[in-house]
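Here the structure is laid out as structure tokens; the discussion comes afterwards.
Computation of the quantities below employed the complete heavy-atom set of this structure, encompassing side-chain atoms and omitting hydrogens, waters and symmetry-equivalent molecules. Just so you know, residue 1 is the first one in the sequence shown, and it goes up from there. Since this is a predicted model, take the numbers as computed values, not measurements.
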Amino acid sequence: MHFVIMGCGRVGASLARSLEGMGHDVAVVDQNPASFQRLGSDFTGRRVAGVGFDRDTLLKAGIEDAHALAAVSSGDNSNILAARVARETFGVQHVVARIYDPDRAQVYQRLGIPTVATVRWTADQMLRRLLPQGLASEMADASGKIVIAEMAVDESWVGVSLTRVEELTGARVAYVTRLGEGMLPGRQTVHQEGDLLHLVIERPRLDEVERILDDPPPRES
């Protein structure tokens, strides 16, 4: 499949290399040609210098054949414009925009643009929103009823023990990705900023648990 990445900072370069490593075709757009050095000499995808929300620039990047677009430049407005142009002009169904101001997230969601705020951002979370269902890093038992799913957690959960997370969600914490490495939690482990939680849960409850973790945790009585 073909993917277009707008922005070649550390985020965009990481996404581009990950997608190419999975065998996909990737085009990276950035206003500064020097930024393409982050891709490395072995990157074989397209490098397109230009404004990421410009129609002609997107055409050079192959937007008409794109399965998805990720807008991960340093500007909220540019990212949203690029995502909207991709969806509304070129009919790209899978788009995601990185934002720095989480207060804008609800506005963008009403526009139909999935967003990832930097306080909860990881390249893995971007990939989960770009790839078709079933290709993201989710495991399931033979029946498909029980899954291990990566869950985003609101920043207000920082400092909450993982045993409390299990109590409030009814899920089990299988493991935690912290600073890029997996770890098995102990009884005293607390959620830290940047952690990714991988929860064992019944598939029908995925949306329910996601809603719980999107809101601040209730105070303990």
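Heavy atoms only, all atoms of each residue included: Ala174 and Leu184 are closest at O-CD2, 3.6 Å. Taking every heavy atom of both residues into account, Ala83 and Ala97 meet most closely at CB-CB, 4.4 Å. The nearest pair of heavy atoms linking Ala86 to Val95 is CB-CG1, 4.1 Å. Minimum interatomic distance between Ile146 and Val200 (heavy atoms only, all atoms of both residues): CG2-CG1, 3.7 Å. Pairing each heavy atom of Trp157 with each of Leu168, the nearest pair is CH2-CD1, 3.6 Å. The two residues Val29 and Ala61 have their closest heavy-atom pair at CG2-CB, 3.7 Å.
Linking ILVMFWY residues whenever their side-chain heavy atoms come closer than 4.5 Å, directly or via other members, leaves Met6 and Ile63 in distinct clusters. Linking ILVMFWY side-chain heavy atoms closer than 4.5 Å, directly or via other members, places Ile5 and Val51 in two distinct hydrophobic clusters. Val158 and Val173 are assigned to two separate hydrophobic clusters, defined by single-linkage of ILVMFWY side chains at heavy-atom distances under 4.5 Å. There is a path of hydrophobic side-chain contacts, each under 4.5 Å, that joins Val28 to Leu19. Hydrophobic clustering (ILVMFWY, side-chain heavy atoms < 4.5 Å, transitive): Val190 and Val165 are in distinct clusters.
Rounding to the nearest 0.5 angstrom, the gap separating the CZ atom in Arg187 from the CG atom in Leu162 is 12.0 Å. With values rounded to the nearest 0.5 angstrom, Ile148 atom CD1 is found 13.0 Å from Leu197 atom CG. From Arg17, atom CZ reaches atom CG of Leu15 across 9.5 Å, with rounding to the nearest 0.5 Å. Atom CZ of Arg211 sits about 13.0 Å away from atom OG1 of Thr169, to the nearest 0.5 Å.
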Quick one: do Lys145 and Arg203 satisfy side-chain contact (heavy atoms from CB on, under 4.5 Å)? Show the steps, please. CA-CA 5 Å; Lys145 181 180 178 182; Arg203 187 182 293 274; 5.9 Å; no
How far apart are the C-alpha atoms of Val4 and Val92, what are their side-chain angles, what is the distance that settles it, and do they pass the side-chain contact (heavy atoms from CB on, under 4.5 Å) test? CA-CA 10 Å; Val4 176; Val92 179; over 6 Å; no
Given Asn77 and Phe53, is the side-chain contact (heavy atoms from CB on, under 4.5 Å) satisfied, shown in steps? CA-CA 10 Å; Asn77 291 335; Phe53 53 82; over 6 Å; no
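Contacts classified as salt bridge (charged side-chain N to carboxylate O under 4.0 Å, His left out) and involving residues 18-29 (residues at least two apart or in different chains) are given here: Asp25-Arg46.
Side-chain atoms of Ser14 do not come within 3.5 Å of backbone N or O of Val11 as any donor-acceptor pair. Under the 3.5 Å distance criterion, the side-chain polar atoms of Asp65 are left unmatched by any main-chain donor or acceptor of Gly62. Side chain of Glu64 to backbone of Leu59: no donor-acceptor contact under 3.5 angstrom is found. Of the possible polar contacts, none joining the His2 side chain to the Ala27 backbone as a donor-acceptor pair under 3.5 Å is found.
Scored by the side-chain hydrogen bond (donor to acceptor under 3.5 Å, both in side chains) test, Thr89 finds no partners at all (sequence neighbours excluded). In this structure, the side-chain hydrogen bond (donor to acceptor under 3.5 Å, both in side chains) partners of Thr163, at least two apart in sequence or on a different chain, are Ser161. By the side-chain hydrogen bond (donor to acceptor under 3.5 Å, both in side chains) test, Asp54 pairs with Thr57, sequence neighbours left out. Here Gln93 pairs with nothing under the side-chain hydrogen bond (donor to acceptor under 3.5 Å, both in side chains) rule; sequence neighbours left out.
Two residues are said to be in side-chain contact when any heavy atoms from C-beta on lie closer than 4.5 Å; Ile201 and Val147 meet this criterion. Side-chain contact check for Val160 versus Val153: every heavy-atom pair is 4.5 Å or farther apart. With contacts defined as side-chain heavy-atom distances shorter than 4.5 Å, the pair Phe90/Leu69 does not qualify. At a threshold of 4.5 Å between non-hydrogen side-chain atoms, the residues Ser73 and Gln31 do not count as touching.
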Taking only distance into account, with no hydrogens and no angle test, what donor-acceptor pairs under 3.5 Å do side-chain atoms of residues 33-40 form with protein atoms, sequence neighbours excluded?
| residue | atom | partner | partner atom | Å |
| --- | --- | --- | --- | --- |
| Ser35 | OG | Asp30 | OD1 | 3.3 |
| Ser35 | OG | Asn32 | O | 2.6 |
| Arg38 | NH1 | Cys8 | O | 3.0 |

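Between His67 and Phe3, the ring planes lie perpendicular to each other; the angle is over 60°, past the 30° to 60° tilted range.
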